[in-house]
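Here is the structure we will look at, set down as structure tokens.
No experiment lies behind these values; they were computed from the predicted model shown.
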Amino acid sequence: MDESPFLKLKRWQWWLLVAINIFFLIAGQAAAVLLGRFYYDKGGNSKWMATLVQTAGFPVLCIPWFLLRPSREASTSSTSPSIKTLALLYFVLGVLLAGDNMLYSVGLLYLSASTYSLICATQLAFNAVFSYFLNSQKVTALILNSVVILSLSAALIAVNDDSDGPSGVPKGKFLIGFLCTLGASALYSLLLSFMQLSFQKVLKKETFSVVLEMQICTSVVASCLSSTGLFASGEWKSLQHELEVFGTGRVSYVLTLVWTAITWQVCAVGVVGLIFVVSSLFSNVISTLSLAVTPLAALVVFHDKMNGVKVIAMLLALCGFASYIYQNYIDDKKARRLQTHVREIQHTA
């Protein structure tokens, strides 16, 4: 924080930027999960299509990126990385993103929703480790408290999930689903830490256009890989059948996929934006918080039951969220105090 360009912003401006990204992440992820559930409930069953729609909505980000991109002089400054460096960076991140999306899709295919959500909550623990080693993130008592409470909240929701898991899944497939979901949680946390490291060591830019640029480029790579998998696996042959037998009609099928793709991009902008503005660990904390918010959306959309366990989980999630927000408030206050002290010394000198 003591070297962050966002210290140039006023405090209320910085918190407003954080709040906007939190809204994008939570609203986007909740909507995407609900649309994904709707897709499977109405007859969709392509795991490669479920993987593809997580990144295929990147064209909607091209317009704001075009409007927010810096001038040619600013973009070609001496601090800007070379084209080869950027291409290699975005390719590696895109490959990791595609692999992570596919692992999540396979895990959800072989696991019940409750087991899947419970394993996904482990991403906070993975990210705390990766952030400590890759991003020099200090694990304070408040951060540890937030991680534990949010993980417990997600676990409560997971074990209380009333939805039935896939029937007839053999133990071998269950083990594959478990390992894929666990690996996806670890890979997702590693991806967030790599993104934060890229902002700090490679990109070194101060505008939000770099967030959109990273999201667009990595999504292009991931979408190309997912499309290749869709055709190589032969699942594309079953898409026409899905379209014809979809429970709410052909138009609804197309709109479901389109809006799923768009909402995943909104979520991704919030994820990458929070990494850029705060840290990868904070972004992961908010992602886990959304696991507790999604049942509220399901309550409204699908009329799911809201019992006492889910209410307790919601309260725990809010407490964990408040704990981490307070830690960031303390860090921001210390950093601004240090910056003011340095300016006074420079002015005196």
Which heavy atom of S198 sits nearest a heavy atom of L93, and at what distance? OG-CD1, 4.3 Å

Give a yes or no on whether W264 and F58 share a hydrophobic cluster (residues Ile, Leu, Val, Met, Phe, Trp, Tyr; joining criterion: side-chain heavy atoms under 4.5 Å apart). no

Find the distance between NZ (K42) and OG (S252) and round it off to the nearest 0.5 Å. 8.0 Å

Nearest heavy-atom contact between W48 and L225 is CZ3-O, 4.3 Å

CA sep, side-chain torsions, deciding dist, call: I26, I22, side chain to side chain contact (heavy atoms under 4.5 Å, CB included): CA-CA 6 Å; I26 294 179; I22 289 176; 3.7 Å; yes

Short side-chain to backbone donor-acceptor contact, Q265 and A261, under 3.5 Å: no

Check W65 against I216 and note the closest heavy-atom contact, atom names and distance. CB-CD1, 3.8 Å

Is there a side chain to side chain contact (heavy atoms under 4.5 Å, CB included) between Y39 and V53? Walk through the geometry before answering. CA-CA 11 Å; Y39 168 75; V53 295; over 6 Å; no

Where is the tightest heavy-atom contact between A186 and F130, given as atom of each residue plus distance? O-CE1, 3.4 Å

Is the number of heavy atoms from other residues, nucleotides or ligands within 6.0 Å of CD1 (I345) greater than 12? yes

Value for CD (Q29) from CG (L34), rounded to nearest 0.5 Å, stands at 10.5 Å

Measuring from M49:CE to S105:OG, what's the distance to the nearest 0.5 Å? 11.5 Å

Tell me whether L257 shares a hydrophobic cluster with V251, the cluster being built from Ile, Leu, Val, Met, Phe, Trp, Tyr side chains joined at under 4.5 Å. yes

Could you state whether Y326 and V18 fall into the same hydrophobic cluster, counting links through intermediate Ile, Leu, Val, Met, Phe, Trp or Tyr residues with side-chain heavy atoms under 4.5 angstrom apart? yes

Could you grab the distance from atom CG of L61 to atom CG of L212, nearest 0.5 Å is fine? 6.0 Å

May I ask whether V221 and L190 are part of the same hydrophobic cluster, defined by side-chain heavy atoms of I, L, V, M, F, W, Y residues being less than 4.5 angstrom apart, directly or through others? no

Euclidean distance, T181 OG1 relative to Y188 OH, rounded to 0.5 Å: 15.0 Å

Answer whether the closest heavy-atom distance between the side chains of F133 and S193 falls below 4.5 Å. no

I'd like to know if V60 and I20 are part of one continuous hydrophobic network [Ile/Leu/Val/Met/Phe/Trp/Tyr, side-chain heavy atoms within less than 4.5 Å]. yes

For a quick test of reading the model, state the closest non-hydrogen atom pair linking T260 to T256 and the distance between them. OG1-O, 2.5 Å

Whether over 12 other heavy atoms sit under 6.0 Å from W15 CH2: yes

Looking at every heavy atom in both R250 and L243, which two are closest together, and how far apart are they? CG-O, 3.5 Å

Return the SG to CD1 distance between C319 and I149, rounded to the nearest 0.5 Å. 6.0 Å

Step-by-step side chain to side chain contact (heavy atoms under 4.5 Å, CB included) determination, E213 to Y90: CA-CA 10 Å; E213 178 182 298; Y90 291 148; 2.8 Å; yes

Carefully, step by step, assess N21 and L25 under the rule side chain to side chain contact (heavy atoms under 4.5 Å, CB included). CA-CA 6 Å; N21 282 285; L25 195 162; over 6 Å; no

Paired with S46, the side chain to side chain contact (heavy atoms under 4.5 Å, CB included) test is passed by just one of L52, L230, T51, namely L230

